[in-house]
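Counting starts at 1 for both ligands and their atoms, in listed order.
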Amino acid sequence: MGGCKNMTLESVYKKGRELLSEAGIPDSDFDSLYLLEHFFGADRTALILHGEREADEGICERFFSAVEERKTGKPLQYIVGKWNFMGYDFLVGEGVLIPRDDTEIVVETAIGYLKNIKNPKVIDLCSGSGAIAVSIAKMFPDSEVTALEYSDTAVGYLEKNIKLNGAENVRVFRGDVTRCSESFEDESFDLVISNPPYIQSDEIDTLQVELQFEPRMALDGGDDGLYFYRIITEKWAAKVKKGGMLAYEVGEEQFEPVAGMVEAQGFCDVKYSLDLQGFKRTVSGVRTEE
Ligand code: GLN
């Protein structure tokens with residue numbers, strides 16, 4: 001990159017912001033500040049108090065090479081290699097879906113239900129980085145959580161995230177959600193929870209550049225985006241205990257069709273929660289029949 005000689009922290013931050021903004025990165029201010037904190041350990045307060053301090057040259061070079069990566073559209077989360085979800089840190093990188101704020105909504109639905117249950121048994125289908133499984137396991141130390149994931153790369157992150165967070169009550173099951181419900185023959189769960197791939201196949205390429213860096217396998221919900229809801233609802237409904245809950249994250253406009261599937265399997269009290277933008281982001285239902 002060059003030009004790192006005699007730069008102050010503030011000039012590093014401003015230059016980062018300018019380069020990102022020129023490259024059309026929408027949240028250039030946030031991203032530059034985030035990278036500054038990541039590399040220099042300097043947040044906005046430090047910038048205000050010590051902005052005129054000279055920036056270490058080696059760290060400065062690393063900061064600007066991260067800016068160059070970000071300019072290509074690569075998500076900030078992959079560049080820094082971790083992201084916070086529900087107050088816990090998760091390691092992420094190419095090959096695993098980045099945990100989203102929206103997904104915290106389905107975890108909150110689960111919390112509301114699990115707080116009244118002793119030693120709950122939970123299974124998180126399409127677990128990815130383990131954001132849902134690990135945060136539930138941490139918040140409910142008496143729970144037994146199974147994290148089911150198909151991709152080897154994602155399983156690698158999942159295992160690291162279990163260790164990173166000391167979530168000893170999570171067990172990993174590597175398998176295909178569309179096939180392996182039979183492997184849980186004698187088991188039933190208080191909560192079956194999932195954020196499956198739900199974007200329509202032909203929409204993915206039209207979405208923002210950051211998404212193109214994420215694994216298609218974690219995004220692609222088939223022609224109508226509903227493929228996994230159909231299969232999971234059909235194959236896993238019987239694994240929910242009487243009085244237990246099935247909870248999904250869904251995409252915009254997917255509440256009605258998914259709620260219909262869940263009701264058709266005999267679940268009642270089928271509800272949604274709204275995300276911060278006002279979209280129906282979850283579907284949950286309670287099983288009444290054996
Ligand atoms: N929430 C993601 C997005 O729209 C999609 C994740 C998923 O398919 N489960 O960016």
So if I count the atoms of ligand 1 from 1 in the order they appear, which ones are less than 4.0 Å from some heavy atom of [X]?
X: A218; value: 7 (C), 8 (O)
X: P196; value: 7 (C), 8 (O), 9 (N)
X: E249; value: 1 (N)
X: L219; value: 8 (O)

Test of ring centre spacing under 6.0 Å for F213 and Y78 =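 When the ring centroids of F213 and Y78 are compared, they turn out to be at least 6.0 Å apart.
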
ask   = Are Y88 and W83 near enough that their ring centres are under 6.0 Å apart?
value =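 Not under 6.0 Å, so no.
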
Check whether any heavy atom of [X] sits under 4.0 Å from an atom of ligand 1.
X: G221; answer: no
X: E214; answer: no
X: N195; answer: yes

For [atom], what's the nearest protein heavy-atom neighbour? Residue, atom name and distance, please.
atom: atom 10 (O) of ligand 1; value: R100 NH2, 2.9 Å
atom: atom 4 (O) of ligand 1; value: I199 CD1, 3.8 Å
atom: atom 8 (O) of ligand 1; value: Y198 N, 2.9 Å

inquiry  = Once you measure the plane-to-plane angle for Y248 and Y229, does it fall in the parallel (<30°), tilted (30-60°) or perpendicular (>60°) bin?
reply    =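 If you compare the ring of Y248 with that of Y229, the planes turn out perpendicular.
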
key: Co-membership, hydrophobic cluster, residues F189 and F140, 4.5 Å side-chain   =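 As far as the 4.5 Å side-chain criterion goes, F140 and F189 are not connected within one cluster.
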
ask   = Does R281 reach ligand 1 with a nitrogen or oxygen that is under 3.5 Å from one of the ligand's nitrogen or oxygen atoms?
value =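 Min N/O separation from ligand 1 is not below 3.5 Å for R281.
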
task = Would you check the N or O atoms of L211, main chain and side chain alike, for any that come under 3.5 Å of an N or O of ligand 1?
result =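 Looking only at distances, the answer is no, because the N/O contact criterion of under 3.5 Å is not met.
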
key: Residues forming a salt bridge (Lys or Arg N to Asp or Glu O under 4.0 Å) with D43, sequence neighbours excluded   =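 Residues passing salt bridge (Lys or Arg N to Asp or Glu O under 4.0 Å) with D43: none at all.
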
inquiry  = Just by distance, no angles: are the side chains of Y198 and E249 close enough, under 3.5 Å, to form a donor-acceptor pair?
reply    =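 Yes, a side-chain donor-acceptor pair sits under 3.5 Å.
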
query = Out of I79, L20, I25, D31, which residue meets the side chain to side chain contact (heavy atoms under 4.5 Å, CB included) rule with V67?
reply =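 It is L20; the other options fail the test.
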
query = Is the charged tip of R174 near the ring of Y150: under 6.0 Å from the six-membered ring centre and within 45° of its axis?
reply =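 Yes, a cation-pi geometry holds between R174 and Y150.
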
